[in-house]
Structure formats: structure tokens, C-alpha cells
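In what follows, a single structure is set out as C-alpha cells and then discussed.
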Amino acid sequence: MSIPENLAAILARIDAARKAAIAPAPHTRLVAVSKTVDETGIREAIVSGQRLFGENRVQEAQRKFPQLKAEFPDLELHLIGPLQTNKVKEAVALFDAIQTLDRVKLADVLAAERDRSGKCPRLFLQVNTGEEPQKAGVMPAETETLIAYARKLELPLIGLMCIPPVEDDVAPHFAFLAKLAKENGLGELSMGMSGDFEMAVRFGATYVRVGSAIFGERAKI
Ligand SMILES: *Cc1c(COP(=O)(O)O)cnc(C)c1O
């Protein structure tokens with residue numbers, strides 16, 4: 001299947017999942033995850049009408065997207081991988097949203113860069129719903145404190161994001177994230193990948209992040 005065919009199929013499946021959901025979110029947007037995908041592949045998706053992309057490394061995105069964003073002003077780019085504080089300046093300049101805010105220090109540096117540059121991408125808190133020690137994301141018990149901290153800094157926090165443990169049933173993770181967002185007055189929920197985005201839609205995802213089901217399997221790095 002080609003990239004345009006894959007995209008059309010995914011969009012149709014999102015639509016169907018929304019129709020089947022008891023309480024679907026007001027919108028569910030597809031983030032086409034283009035990490036490791038070259039410019040040719042990204043352009044195929046753009047030609048098919050896709051405008052929202054996700055990258056998980058700042059440097060890789062810097063190589064691929066400035067030119068594309070100049071050419072397609074309505075293109076929107078989200079950072080979905082961990083962000084180091086020494087890359088904040090570049091990330092703020094390039095990304096429209098950062099989905100991986102997960103610690104006080106990063107909130108501080110984002111606020112300082114916002115004050116310096118006068119702009120700040122919209123932000124999601126990444127929650128480590130599986131409490132995996134090696135994984136990025138704020139621990140569930142510390143989430144409300146970090147939300148309050150980001151709000152005190154007047155950062156544009158709009159939602160929560162999670163990546164459930166690979167071996168787990170995803171449903172409880174999605175349900176938990178949705179509940180946490182609701183309790184904290186956050187409207188956006190980024191959850192669901194190639195293997196489980198329909199389940200995420202059922203639990204109210206407003207953003208699903210799909211890579212390999214659009215662009216094909218990635219080479220293992
Ligand atoms: C790679 C990645 C995805 C997409 O994964 P697929 O299984 O290829 O759809 C989604 N979210 C994050 C954070 C990723 O790093």
C-alpha cells in the first residue's frame with residue numbers, strides 16, 4: 001500500500017472508531033509520525049492533504065522541516081520525543097506543539113525561552129502511566145503538581161500525552177489519562193499509535209500518533 005492509501009485508510013478507521021465511541025472527543029486529529037521518514041515520504045503525505053506531523057528528535061526535525069514549513073505555511077509540527085533543556089531554544093523555534101513536558105526544570109527553561117523569544121509552542125504533559133523507570137514522563141502521583149507549576153508559569157498547557165508499556169493492555173492507561181485530563185480541566189489527549197489508535201479514540205483521544213501504519217515499518221535502530 002502507498003502512503004496516500006495508508007493515510008486514507010487510517011483516517012477512515014479514525015472516523016469509524018469515533019462513530020462507534022460512546023462519547024467521542026469533539027475532534028480527533030491524526031499526527032503523522034515521520035521519524036526516520038525521508039523528505040520524499042513526507043511530501044507524499046503532504047500531497048495527500050496531511051498537514052500535521054510528529055517528530056521525536058529535535059535535530060532530525062531541524063534537518064527536514066524548516067524548508068517544508070516555508071513551502072506549506074499550514075503545516076503543523078509536534079515534538080513527541082523527550083526534550084533536553086539544551087535543545088529548548090531550537091524546539092521552541094521549530095515546533096507548534098511539544099507533547100513531552102515532564103519535569104519542573106524543563107518547564108522553567110521553556111518559560112525562560114518564552115520570555116526571551118516571545119513565543120511558546122502549545123504544551124502537553126507526558127504522563128508515565130505505566131510508572132516505568134526507564135521511560136520519560138511525569139509519574140502519575142506528581143502530575144497535578146507539575147500541572148499547577150506550569151500554570152503558575154503561564155505556560156500554554158493544553159493536554160496530556162502517554163505511551164503505555166508495550167506489554168500492557170492499553171485500555172486502562174487510556175482511561176486513566178482521560179480521567180486525569182478531565183479532573184484537571186485539560187481538553188487535549190494525545191494517545192494511541194499504529195497498533196492501538198482505535199482504542200484510544202474510544203477513550204476520547206483528540207490526537208492519535210501514527211507512524212508505521214502510514215509510512216511502513218521503520219528500520220530498527
Ligand atoms: C514512534 C512513535 C509513535 C508512532 O509509532 P507507530 O507504532 O509507528 O505508529 C507514536 N508516539 C511516539 C511518542 C513515538 O515515538
Side-chain angles (χ1 to χ4, degrees), residues 1-14 17 28-38 41-42 44-45 48 50-65 76-84 87 91 94-103 106 121-132 134-138 158-171 173-174 176-178 181 188-221:
M1 292 262 277
S2 67
I3 291 170
E5 286 170 321
N6 289 341
L7 265 173
I10 300 287
L11 288 170
R13 285 169 61 189
I14 291 172
T28 305
R29 300 184 65 202
L30 172 61
V31 182
V33 177
S34 52
K35 64 187 182 201
T36 78
V37 177
D38 64 15
I42 296 169
E44 279 186 54
S48 319
Q50 181 68 24
R51 288 295 180 273
L52 173 54
F53 292 87
E55 284 281 340
N56 69 342
R57 290 179 188 201
V58 176
Q59 269 172 319
E60 183 181 342
Q62 276 182 312
R63 281 200 302 276
K64 298 193 292 193
F65 276 90
E76 189 178 325
L77 187 60
H78 288 205
L79 179 65
I80 60 169
L83 178 57
Q84 292 164 356
K87 298 265 170 58
L94 181 62
F95 289 93
D96 301 288
I98 294 173
Q99 296 200 2
T100 52
L101 173 57
D102 64 355
R103 58 201 190 277
L106 184 54
R122 283 160 291 142
L123 301 171
F124 295 70
L125 236 59
Q126 180 179 353
V127 184
N128 187 351
T129 59
E131 305 189 38
E132 296 172 279
Q134 79 287 2
K135 196 174 264 178
V138 61
I158 61 167
L160 300 179
M161 175 270 220
C162 76
I163 310 169
V166 277
E167 68 282 2
D168 275 21
D169 175 8
V170 292
H173 293 274
F174 294 162
F176 174 75
L177 198 73
E188 307 295 339
L189 272 178
S190 173
M191 53 192 200
M193 318 199 327
S194 289
D196 53 25
F197 66 88
E198 283 150 314
M199 181 67 82
V201 169
R202 250 170 265 162
F203 282 95
T206 62
Y207 290 88
V208 292
R209 310 177 308 267
V210 178
S212 48
I214 297 171
F215 296 109
E217 287 303 322
R218 289 177 294 275
K220 295 276 177 290
I221 341 167

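Atoms within a ligand are numbered from 1 in the order they appear, just like the ligands themselves.
- Ring centers of Phe65 and Phe95: at least 6.0 Å apart, outside the cut-off.
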If you look at each N/O of ligand 1, which protein N/O atoms lie under 3.5 Å away, and at what distance?
unit_1: ligand 1; atom_1: 8 (O); unit_2: Ser212; atom_2: N; d: 2.8
unit_1: ligand 1; atom_1: 8 (O); unit_2: Ser212; atom_2: OG; d: 2.9
unit_1: ligand 1; atom_1: 8 (O); unit_2: Arg218; atom_2: NH1; d: 2.8
unit_1: ligand 1; atom_1: 8 (O); unit_2: Arg218; atom_2: NH2; d: 3.0
unit_1: ligand 1; atom_1: 9 (O); unit_2: Ser194; atom_2: N; d: 3.0
unit_1: ligand 1; atom_1: 9 (O); unit_2: Ser194; atom_2: OG; d: 2.5
unit_1: ligand 1; atom_1: 9 (O); unit_2: Gly211; atom_2: N; d: 2.8
unit_1: ligand 1; atom_1: 11 (N); unit_2: Arg209; atom_2: NE; d: 2.8
unit_1: ligand 1; atom_1: 15 (O); unit_2: Lys35; atom_2: NZ; d: 2.6

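- The ring of His78 has its center closer than 6.0 angstrom to the ring center of Tyr207.
- We find that Arg122 and Glu188 are not joined by a salt bridge, their nearest charged nitrogen and carboxylate oxygen being 4.0 Å or further apart.
- Using a cutoff of 4.0 Å between basic side-chain nitrogens and carboxylate oxygens, Lys35 and Glu60 are not scored as salt-bridged.
- Under the side chain to side chain contact (heavy atoms under 4.5 Å, CB included) criterion, Glu131 pairs with Met139, Pro140, not counting sequence neighbours.
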Quiz prompt | Worked verdict on Glu55 versus Ser34 for side chain to side chain donor-acceptor pair (under 3.5 Å) | solution = CA-CA 6 Å; Glu55 284 281 340; Ser34 52; 2.7 Å; yes
